Each structure stands twice: as C-alpha cells, then as structure tokens.
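These notes are about the structure you will find just below.
Here the structure is a predicted model, which means the values were calculated and not measured.
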Protein chains: 2
Amino acid sequence: MAQPGTVDRILDTAEALFAQKGFAETSLRAITSKAGVNLAAVNYHFGSKEALIQAVFERFLSPFSEALNAKLAEMEETGTPDTPENLLSLISRLALGTHPDDPRRAAIFFRLSGQAYSQPVGHLREYLHKQYGAVFSRLQDHMQRALPQMPPRELFWRVQFGLGAAIFTLSGMESLKEISRNDFNMEVTEADITRRLLPFLIGGITAPMP
Amino acid sequence: MAQPGTVDRILDTAEALFAQKGFAETSLRAITSKAGVNLAAVNYHFGSKEALIQAVFERFLSPFSEALNAKLAEMEETGTPDTPENLLSLISRLALGTHPDDPRRAAIFFRLSGQAYSQPVGHLREYLHKQYGAVFSRLQDHMQRALPQMPPRELFWRVQFGLGAAIFTLSGMESLKEISRNDFNMEVTEADITRRLLPFLIGGITAPMP
DNA sequence: TAGCGTTCAAAACATACGTTTCAAACATAC
DNA sequence: GTATGTTTGAAACGTATGTTTTGAACGCTA
C-alpha cells in the first residue's frame, strides 16, 4: 500500500471513465488496464462492478455531503439569514471547491451526478437517496425558511427544477462548451456557468406563484 | 405488413424499453422477445442497434419538431408577440400533446430526451444536433426577440438551464412521483409538473443580469 | 528464518451480447 | 400456378463482458 495503491488507482480511473462514458459503457477491463492493475483486482477489492460504482460515489459524494452539513450547521449557529442567494451560492461554492486541488474534479463531479440521476431504476438511485437524503432534506428546510410564504409542495418541485438545471447543464457541459466556442467565440469554464446559473436559479425559485 | 407490423412492434417496444432502462441496458433480445418478433428482425429491418435507436428518435421527435416549426411559422404570420410566456407554454403544450392518443407517450418522450442528453459522446447527440438543430435555433431566435435586452450568450445559457430543468425533472419523474406521494400525499401528473414548471422557467430566463 | 495472511498476476469460465447465415414461409406479379 | 422478391424463423458465430480460480509474490510477526 505504498504507491498510489491499487484501490485508489482503481477508484481514480473508474471515476474518470464512468463520468466520461457512463457505467454500462465502461468495462472492468478498460478500468483495470488504464489503471495498470490486474483485472481481478476489482472483484477482489470491491466484490463486484456494482459495488465499485457505489464506492466511487461514496468517495466523491461524502466530502461534499459532510461539507454541506458543516456549512449549514455553521449558518444555524452564527445566525446567518436563510436566503436563496446564501444557500445557492453556498452549494455552488462547495460543488466547485470540495476538491480544490484538482479543477478537473468539478467536471467529474457534475458528470457523475448526471449519470446517477439519469440512470434507470437501478439500485444506485435508492442508494443515493438512503445515503444522502438527510442532508438534502436539511437543505430543503433551510430553503423553506428562506421562502416561508411558498407552499412546501411548490418549493419541493422548484428545488427539483433547479437541481435539474444545474446537473443537466454542467453534466453536458463538454458539448455545450463546444457550441459556445463555435457560436460565440467564447471559452467557458465550470465557474463561468455556475456564475450564470445563480441568477437563473434564484429567479426561478422565487418566481411568483401561478 | 397487415397487423401492427413487425417494424412498428419493434419500434413500440424498443421505445418503451429504452425509455425505461436506457440504451446499453436494453438488449435486442429483450426487445424482440417482448415484441414477439424474431431476433434477426432488428438487423434485417434497421441494420443495427444504433440505427434502431436513431429510428426510435426520429419517429418520436419528428412530429414534435414539425409541429413546433408549424406553430412558430403561425406565430410569425399572425404577428403573435414573442414573449417567454407564449413560447414556453407553446412548447409545453406540444411536448404533452404531440401524441394525444396516448398519455403515457408524454412520459416516454421526456425519458427518452433525458437518456439522449445524458448519453456519452456517442453519435446520438451529434445526430440530434444535425437533425433538430434548425428548429432549436429558430426557437432561440424567437426567445431573443422576446428578450431583446438580454445578451445572446446569456440567453443561450439560460435556455440551456431551462432545458435542463424540464428534461431532467420530467425524465426522472417516476421517482419524484413516489417521493411526492410519500411526503405530500399528493399524486402528480406530467401536466401538473409542466404547469408548475412554467413560472419557474419564466422567472429563471427573465431574471435580472448578475 | 519459518509461517501465515494479504495482495497480485495470468488464465480460464460461463454467459450475454450484436450480428450473420440460410432455409422456410409468404406475398405478389406474371 | 409458377416464379421472384420479401420477410420470417431457428440456429450458430464471434466477441466482450463480469466473475472465479489457482498459484506465485509479498509483508509482517513470531
């Protein structure tokens, strides 16, 4: 377990390939050969491909989830007011900065989230709901306090819409970057898009009721 | 070619299974056995699995695309003003009503769109861009006329955000329906959600610049 | 150094996949 | 009614996949 370690090399490579090509389209052979480890190592260390997928998610989602929990607790203690601006910019900062060492990591974060969400009924979505439903509820509560006049049901859907806008856009960003380059002669980064995303989300979530 | 026809039975079944489980996770054997046709029929009639996927998209996207084109032309002729409200409610009506005979069809429409969008670099996305980029540009132009004060680049991203919110939410609706049922004792339909979606999209797209 | 649990490497296994083959069944025109 | 082009049916092909097996290499403890 000296070097980057077999387990970590597998996780790193699997994470990148899953984000790039999807789960079903990424074979264990592709992962292990690119990682420079033996094919059997995945089943030895993780048990199965499905377990590897969950391990990948756990490793990249747990830090984010814990950081979000900590920041929300900090807000509660310091009495920072619950506003859509505060909450949403908090999330975007965390999503972009949970792994500050590697900027490419943010892109992988969003791609993986998108893959997980658009995944068929598979157990991945249930797993994510079980594992990270609590922190999501907590965020939803804060948002409700920020918009006390809004019916919870309406707010629930608007948060979902916002989630969709964020994950969907950032997850398909490679294609969108190219379009933006061709049509507007403009290079964009993840940070650019989240900066543009914030007013959209605030405008959408706080829009007047129908 | 009397009965529902082998080709149509394949398309119907493939459409449903693709929407439900994804492309890679749906085998030709699953499609053909459920459709009650021979395995070789897919390769005989379509040539390959990839071609079948494109055929499925063509069949469900072309009517929508043509209807949208017609409606936009109608707006131009009758001088209907370009407003975000008019344009977005037009799209939602079309997405929900292009196949008015089958309500389940709307759900499949959104699920397939989500699958296509979250798909890896594969040729599907290029195909969709080539095939339906024109009508999308036309819609973008109308939206620009509705919001002349907004920089085109900003509008481009906001339309993408809106697309994400719509497709993402409606594509993952089965899970969200269940959450809504458990947490709010509330049954929701595709039409309910698009009704809620409209104010969100308008609020987001017309939000003040950062 | 001997022993033992852990990790790695190479190969094989079983299965599922997309695709192809080829003959039979069918429909249609002459 | 025969001939011709089209569609179907059953089987096989080749390949890629996830997984398992077996034994060697390694690291640590006694």
Exercise. Take atom CD of Glu25(A) and atom C1' of dG18(C), then tell me their distance rounded to the nearest Å.
Key: 15 Å
Quiz item: Is the Phe57(B)-Tyr127(B) ring centre distance short of 6.0 angstrom?
Solution: no
Practice problem: Dump the intermediate steps for salt bridge (charged side-chain N to carboxylate O under 4.0 Å, His left out) on Arg138(B) and Glu76(B), then the final yes or no. | Solution: CA-CA 11 Å; Arg138(B) 189 171 184 177; Glu76(B) 291 165 10; 3.2 Å; yes
Exercise. Choose from dA10(D), dG18(D), dC8(C) the nucleotide whose nearest atom is closest to any side-chain atom of Thr6(A).
Key: dC8(C)
Exercise. Specify the separation, in whole Å, of atom CG of Leu52(A) and atom P of dT19(D).
Key: 10 Å
Self-check item: Gap between atoms CZ and P, on Arg9(B) and dT7(D) respectively (whole Å)
Solution: 14 Å
Quiz item: Is the shortest side-chain N/O distance from Asn43(B) to OP1 or OP2 of dT19(C) below 4.0 Å?
Solution: yes
Quiz item: Now, which nucleotide makes the Watson-Crick or G-U wobble pair with dT17(D), with each of the two distances under 3.5 Å?
Solution: dA14(C)
Quiz item: Side chain of Leu39(B): nearest nucleotide among dT17(D), dA11(D), dT8(D)?
Solution: dA11(D)
Quiz prompt | Heavy-atom neighbours of Lys177(A) NZ exceed 12 at 6.0 Å | solution = yes
Quiz item: Which is true for Ala40(B) with a 4.0 Å heavy-atom rule: it touches a base, it touches only sugar-phosphate, or it touches nothing?
Solution: base
Self-check item: Arg59(B) and Asp12(B) ion-paired at < 4.0 Å
Solution: yes
Quiz item: Asp8(A) CG to dC8(C) P: how many Å, rounded?
Solution: 11 Å
Quiz item: Within the structure shown, what part of the strands sits under 4.0 Å from Thr26(A) by heavy-atom distance: base, sugar-phosphate, or nothing?
Solution: sugar-phosphate
Self-check item: Rounded distance [0.5 Å steps], CE in Met143(A) versus CD1 in Ile205(A)
Solution: 4.5 Å
Practice problem: Hey, which sits more toward the 5' end of DNA chain C by its nearest nucleotide, Tyr44(A) or Gly47(B)? | Solution: Tyr44(A)
Exercise. Please state whether the phosphate of dG18(C), meaning OP1 or OP2, lies under 4.0 angstrom from any side-chain nitrogen or oxygen of Ser48(B).
Key: no
Practice problem: Starting from C1' on dA16(D), measure out to NZ on Lys21(A) and report it in whole angstrom. | Solution: 13 Å
Quiz item: What is the distance from CG of Asn38(A) to P of dA10(C), rounded to the nearest Å?
Solution: 7 Å
Exercise. Using a cut-off of strictly less than 4.0 Å, decide whether Ser27(B) has a side-chain nitrogen or oxygen near OP1 or OP2 of dA16(C).
Key: no
Quiz item: How close or far is atom C1' of dA9(C) from atom CZ of Arg29(A), stated in whole angstroms?
Solution: 14 Å
Quiz item: Does dT6(D) have OP1 or OP2 sitting under 4.0 Å from an N or O in the side chain of His45(B)?
Solution: no
Quiz item: Which nucleotide, dT19(C), dG18(D), dG9(D), lies nearest any side-chain atom of Leu28(B)?
Solution: dT19(C)
